[in-house]
Amino acid sequence: MNPIYERERSAVTVRPARSGDVEVIRAIRNHAIEHSTALWTQTPQSSAEAATWLAAHLERGSAFVAEADGEVAGFAVYGPWRALDGYRHTVEDSVYVREGRHGLGIGSALLAALITAAREAGHHVVIAGIEAENTSSIRLHERFGFQRVGVIPEVGTKFGRWLDLTLMRLALS
Ligand SMILES: CC(C)(COP(=O)(O)OP(=O)(O)OC[C@H]1O[C@@H](n2cnc3c(N)ncnc32)[C@H](O)[C@@H]1OP(=O)(O)O)[C@@H](O)C(=O)NCCC(=O)NCCS
């Protein structure tokens with residue numbers, strides 16, 4: 001385990017993800033797809049899609065998991081914000097904590113590790129795109145210095161209603 005990624009708070013350890021974490025990450029992600037507006041789709045990720053998605057992160061070193069009580073309790077990833085090369089110094093983060101373990105500091109431990117790793121990788125800005133009513137995620141990001149830079153009304157839809165996107169930004173350098 002790389003000590004850079006170790007973060008202790010409420011007995012939580014954050015470490016780089018491994019390929020063997022794929023199914024637990026997929027389960028956490030698919031739960032959010034099914035039950036929340038955190039991810040704006042109702043199509044669950046298949047095992048094959050999850051493996052391809054995680055492999056790209058493992059190659060970049062941009063995926064992390066939090067372990068608590070001997071199990072993976074959450075994950076965080078960062079990846080390119082937009083595809084064109086002019087955006088190459090900007091990344092977007094995602095943080096997901098297993099249902100039943102919210103509010104225990106796990107999301108904070110994950111985001112702290114992700115920010116450290118993104119800074120060490122030389123990135124300049126981290127963006128978070130958050131459903132505007134997701135107060136937990138907005139609060140989590142504010143805690144780490146992200147600032148709200150705007151809200152784009154009604155750019156998404158799920159569960160029969162329009163969704164607004166809050167954009168938050170953290171400068172790393
Ligand atoms: C958002 C999420 C990642 C936060 O992780 P977490 O482990 O619950 O958060 P933490 O315990 O580290 O707390 C971080 C901050 O969020 C706030 N928070 C946590 N749960 C909250 C809740 N239910 N309501 C309001 N604020 C909450 C805490 O107050 C804390 O800030 P503070 O300590 O300065 O008050 C987690 O709730 C989650 O996985 N939600 C579902 C998926 C999701 O929405 N992901 C983000 C997509 S953009």
Side-chain angles (χ1 to χ4, degrees), residues 5-17 21-45 49-50 53-54 57 62-82 90-118 123 125-159 161-170 172:
Y5 300 116
E6 284 180 4
R7 293 288 181 281
E8 294 290 336
R9 185 183 156 197
S10 304
V12 179
T13 300
V14 177
R15 62 163 172 81
D21 298 317
V22 66
E23 281 304 319
V24 67
I25 291 174
R26 184 170 83 97
I28 294 168
R29 200 170 186 276
N30 280 348
H31 187 279
I33 287 174
E34 199 180 337
H35 297 284
S36 79
T37 50
L39 280 156
W40 297 4
T41 177
Q42 288 186 273
T43 307
Q45 199 181 37
E49 287 163 348
W53 172 84
L54 184 60
H57 282 295
S62 56
F64 309 88
V65 297
E67 287 184 350
D69 302 322
E71 67 170 10
V72 171
F75 72 91
V77 296
Y78 72 79
W81 181 49
R82 303 191 76 180
T90 299
V91 292
E92 180 171 9
D93 79 274
S94 304
V95 184
Y96 289 86
V97 173
R98 185 193 284 274
E99 192 65 32
R101 289 189 177 267
H102 295 176
L104 300 173
I106 295 169
S108 296
L110 282 163
L111 189 54
L114 183 147
I115 290 167
T116 300
H123 296 297
V125 164
V126 185
I127 296 288
I130 304 172
E131 195 264 309
E133 292 181 5
N134 189 346
T135 49
S136 311
S137 185
I138 290 171
R139 177 77 198 115
L140 169 68
H141 284 83
E142 280 175 345
R143 236 176 152 238
F144 286 89
F146 282 75
Q147 293 187 332
R148 287 185 227 206
V149 290
V151 180
I152 315 178
E154 299 183 3
V155 283
T157 183
K158 189 170 178 179
F159 302 146
R161 64 182 178 90
W162 291 118
L163 300 173
D164 301 347
L165 187 70
T166 293
L167 289 171
M168 300 187 76
R169 172 187 184 272
L170 177 72
L172 299 174

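Note: hydrogens, waters and symmetry copies are ignored here, and every other heavy atom, side chains too, is used. Just so you know, ligand 1 is whichever comes first in the structure, and atom 1 is the first atom listed for that ligand.
- The residues Arg26 and Glu49 are annotated as not salt-bridged, no charged nitrogen and carboxylate oxygen being separated by less than 4.0 angstrom.
- The pair Arg98-Glu71 counts as a salt bridge, with a side-chain nitrogen and a carboxylate oxygen less than 4.0 angstrom apart.
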task: Please test Phe146 against Asp93 for side chain to side chain contact (heavy atoms under 4.5 Å, CB included), starting from the C-alpha separation and ending with a verdict.
output: CA-CA 11 Å; Phe146 282 75; Asp93 79 274; 3.9 Å; yes

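- Atoms of ligand 1 found under 4.0 Å from any heavy atom of Ser108 (numbered from 1 in listed order, with element): 10 (P), 12 (O), 13 (O), 14 (C).
- Under 4.0 Å from ligand 1, the heavy atoms of Arg143 that appear belong solely to its side chain.
- Note: an N/O pair closer than 3.5 Å links Gly103 and ligand 1 by distance alone.
- Among Thr166, Leu111, Val95, the residue whose heavy atom lies closest to atom 46 (C) of ligand 1 is Val95.
- Checked by distance only, ligand 1 and Val97 come closer than 3.5 Å through their nitrogen or oxygen atoms.
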- request: Check step by step if side chain to side chain contact (heavy atoms under 4.5 Å, CB included) holds for Val72 and Glu23.
  value: CA-CA 10 Å; Val72 171; Glu23 281 304 319; over 6 Å; no

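- For ligand 1, the atoms lying closer than 4.0 Å to a non-hydrogen atom of Leu140 are 3 (C), 4 (C), 14 (C), 15 (C), 16 (O).
- For the residues Ser136, Ser36, Ala66, the heavy atom positioned nearest atom 26 (N) of ligand 1 is part of Ser136.
- Against a heavy-atom cut-off of under 4.0 Å, Ser137 is close to the following atoms of ligand 1: 1 (C), 46 (C), 48 (S).
- A search for side-chain hydrogen bond (donor to acceptor under 3.5 Å, both in side chains) contacts involving Gln147 returns nothing, not counting sequence neighbours.
- Considering backbone and side-chain atoms alike, Arg101 places every N or O at 3.5 Å or more from each N or O of ligand 1.
- Here CZ of Phe75 is found 6.0 Å from CD1 of Ile25. Values are rounded to the nearest 0.5 Å.
- The shortest N or O to N or O distance between Gly129 and ligand 1 is not below 3.5 Å.
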- request: Please lay out, stage by stage, how Val155 and Trp40 fare under the test side chain to side chain contact (heavy atoms under 4.5 Å, CB included).
  value: CA-CA 10 Å; Val155 283; Trp40 297 4; 4.0 Å; yes

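- Checked by distance only, ligand 1 and Arg139 come closer than 3.5 Å through their nitrogen or oxygen atoms.
- Here's the thing with Tyr96: none of its N/O atoms is less than 3.5 angstrom from an N/O atom of ligand 1.
- Counting heavy atoms under 4.0 Å from ligand 1, residue Leu110 does not touch it at all.
- Contact between Gly105 and ligand 1 is present, with at least one heavy atom of the residue lying under 4.0 Å from the ligand.
- The aromatic rings of Phe64 and Tyr78 sit parallel, their planes meeting at an angle under 30°, below the 60° perpendicular limit.
- His35 and His31 have tilted rings, their planes meeting at an angle from 30° to 60° on a 0 to 90° scale.
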